[in-house]
Novice: 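My questions will all concern the structure given below.
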There are 2 protein chains.
Amino acid sequence: MHEQTDPPDEPSPGLVSTAIQAITQHIRSEGLAPGDPLPSEAAMTRQLNVSRTVVREAFRSLSAMRLIDMSAGRRATVAKLDTGAMSMVIEHGITTQQISVQQVYDVRRTIEMRTVALAALRRTNAEAAAIAQSARLMRESCKNPETVMEHDIAFHEAIAAASHNPVFSLIVTAFSGVTRRTWVIGWRTRSSDEDQLKMIKGHEDIADAILKGDPRLAAEHMAEHFDKSVKALIDAGIA
Amino acid sequence: MHEQTDPPDEPSPGLVSTAIQAITQHIRSEGLAPGDPLPSEAAMTRQLNVSRTVVREAFRSLSAMRLIDMSAGRRATVAKLDTGAMSMVIEHGITTQQISVQQVYDVRRTIEMRTVALAALRRTNAEAAAIAQSARLMRESCKNPETVMEHDIAFHEAIAAASHNPVFSLIVTAFSGVTRRTWVIGWRTRSSDEDQLKMIKGHEDIADAILKGDPRLAAEHMAEHFDKSVKALIDAGIA
DNA sequence: AATAATAACCTGTCATACAGGTTTTGAGGA
DNA sequence: TCCTCAAAACCTGTATGACAGGTTATTATT
């Protein structure tokens, strides 16, 4: 066994990593819930016997991952589940060409085939209405691509929310950033108005299936939707 | 003309967020790839006209998300895709009880039904061997739960890798931390040796199906595996 | 007792300093 | 000319002190 929880110093991981672990450990051991306050930087400084610089970098790192909320004058608090860090990881993968847009779409398809089925089974009436509303807004604003896109994204996020599994919401939302960067490309390849309206119709079909509570039908429409979207992206030359 | 040193523009996000964006923007605009070096802290300090403290907190934040690698003396470099941040988000959700273990398993099931099918279609011979190897090691070390668990995790990660979609790998690996915390509980409920061996047999069936290149069969076995695992967790009282 | 002023505390940012680690440079020797 | 190796230059890790401005607790005044 080569463990070194040593008294003198910790060379390898660095003081900041240690501080990050100490903070997350604190959240765990104290059973803190979102909104609960964390120790002040000064307190952490004393407890860990390091400089405020180190403690601050630790807090800031957790804040960047959206695990805690920071704001001037107030102590940091435990954060609600947020997609910030995940989005950044995905975006990083895309911009450094370690993952392709098509790969993201394959994952989205996999996940959303499930969220849409769960939504059909578990959606509340309000959720079904929100989903249908997004689809309707897509049609109404079909002259303005940017607006259609935002409603499209809201549509998919609403379905994820209606799955009543926040992990699905987390992942779907994390992908929204990628969608924002590629959506318009796909839209442009649907040259004719007819194609564009057909795509919007697809969303309405999904919303209807969810409203009817038919998971199989909802999944079918979702699959169709993704297949067409991916095809549009491939036609546009997205690797 | 040079930079716009924000006369009246963004007060709320704070200098550090701005710096983080500047760095990621740099990666994007320069088309940096993993391993490429970033500007030094001093350079960023000059470019953004802020103190090194701010720049350092920005770098450190990106490092915490594993988007960049830092080490003493060397400039920071663009990092390879890593699951660090995602794991922390999931763990945070679990420890603050914003998501349940069962919800994670539902997502895992959804994703791994797909990875296993893709693995059956796209696996190389080496990957098929690695998957089978993990299953074999599970059986051989079946007296030592901890070891079985590690091979089990390696098994699932190997399947994700064989899907040839790094996004799947990313997500599956991010869940491994949760698995490490709950696996033993599920194992204990399989009281009899017979149950435990049956579970290991399930893994071998999956490995065989992947080797045979039969996605449907592989997915069937995977579904069965997850259904039993979830049942074991529920029996053990995991909410 | 209600309210307003004040003190105490907290985070955001800056400047400076120094201890190591890493890369570059350059001088001297083969 | 080319190699070796040590000094120099550069870089990050950490500590300290300072101050502005926001937030909460305390106290004084009415």
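Per chain, numbering begins at 1; letters A, B, ... match sequence-line order.
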Novice: Mind calculating the distance between CZ (Arg46(B)) and P (dC14(C)) to the nearest angstrom?
Specialist: 16 Å
Novice: For a quick check of understanding: with a heavy-atom distance under 4.0 Å over all strands, which category does Thr53(B) fall into, base, sugar-phosphate or nothing?
Specialist: base
Novice: Any side-chain N or O of Ser51(A) below 4.0 angstrom from OP1/OP2 of dT14(D)?
Specialist: no
Novice: Could you check how far CG of Asp69(A) sits from P of dG12(C), rounded to whole Å?
Specialist: 12 Å
Novice: In whole angstrom, what separates Glu57(B)'s CD from dT12(D)'s P?
Specialist: 16 Å
Novice: Taking atom types as modelled, is there a side-chain donor on Gln102(B) or Ser100(B) under 3.5 Å from an acceptor on the other?
Specialist: no
Novice: Looking only at the side chain of Arg74(A) (C-beta and beyond, no hydrogens), which of the listed nucleotides dA15(C), dT23(D), dT23(C) gets closest?
Specialist: dT23(D)
Novice: Could you state the atom-to-atom distance from CE of Met44(A) to C1' of dC9(C) in whole Å?
Specialist: 17 Å
Novice: Identify whether NZ of Lys or CZ of Arg in Arg56(A) sits under 6.0 Å from the centre of the six-membered ring of Phe59(A) and within 45° of that ring's axis.
Specialist: no
Novice: How many whole angstroms separate atom CD1 of Ile68(B) from atom P of dT12(D)?
Specialist: 10 Å
Novice: For Gly73(A) and Val16(A), find the nucleotide of DNA chain D closest to each by heavy atoms; which residue's nucleotide sits nearer the 5' end?
Specialist: Val16(A)
Novice: Phosphate oxygens OP1/OP2 of dC11(D): is one of them under 4.0 Å from a side-chain N or O of Ser40(B)?
Specialist: yes
Novice: Can you figure out which of dG13(D), dA15(D), dC11(D) approaches the side chain of Val50(A) most closely?
Specialist: dA15(D)
Novice: Keeping Arg108(A) on the side-chain end and Phe175(A) on the backbone end, is there a donor-acceptor pair under 3.5 Å?
Specialist: no
Novice: Please work out which of the three classes, parallel, tilted or perpendicular, describes the rings of His203(A) and His225(A), given edges at 30° and 60°.
Specialist: perpendicular
Novice: In whole angstroms, how far is the P atom of dG21(D) from the CG atom of Leu15(B)?
Specialist: 14 Å
Novice: Under 4.0 Å between a side-chain N or O of Arg52(B) and OP1 or OP2 of dT14(D)?
Specialist: no
Novice: Specify the separation, in whole Å, of atom CD of Glu41(A) and atom P of dA18(D).
Specialist: 18 Å
Novice: In whole angstrom, what separates Ile20(A)'s CD1 from dG13(D)'s C1'?
Specialist: 14 Å
Novice: It should be established whether Arg56(B) places a side-chain nitrogen or oxygen under 4.0 Å from OP1 or OP2 of nucleotide dA15(D).
Specialist: no
Novice: Is it the case that the side chains of His164(A) and Glu127(A) hold a donor-acceptor pair, with the cut-off being a distance below 3.5 Å and no angle test?
Specialist: yes
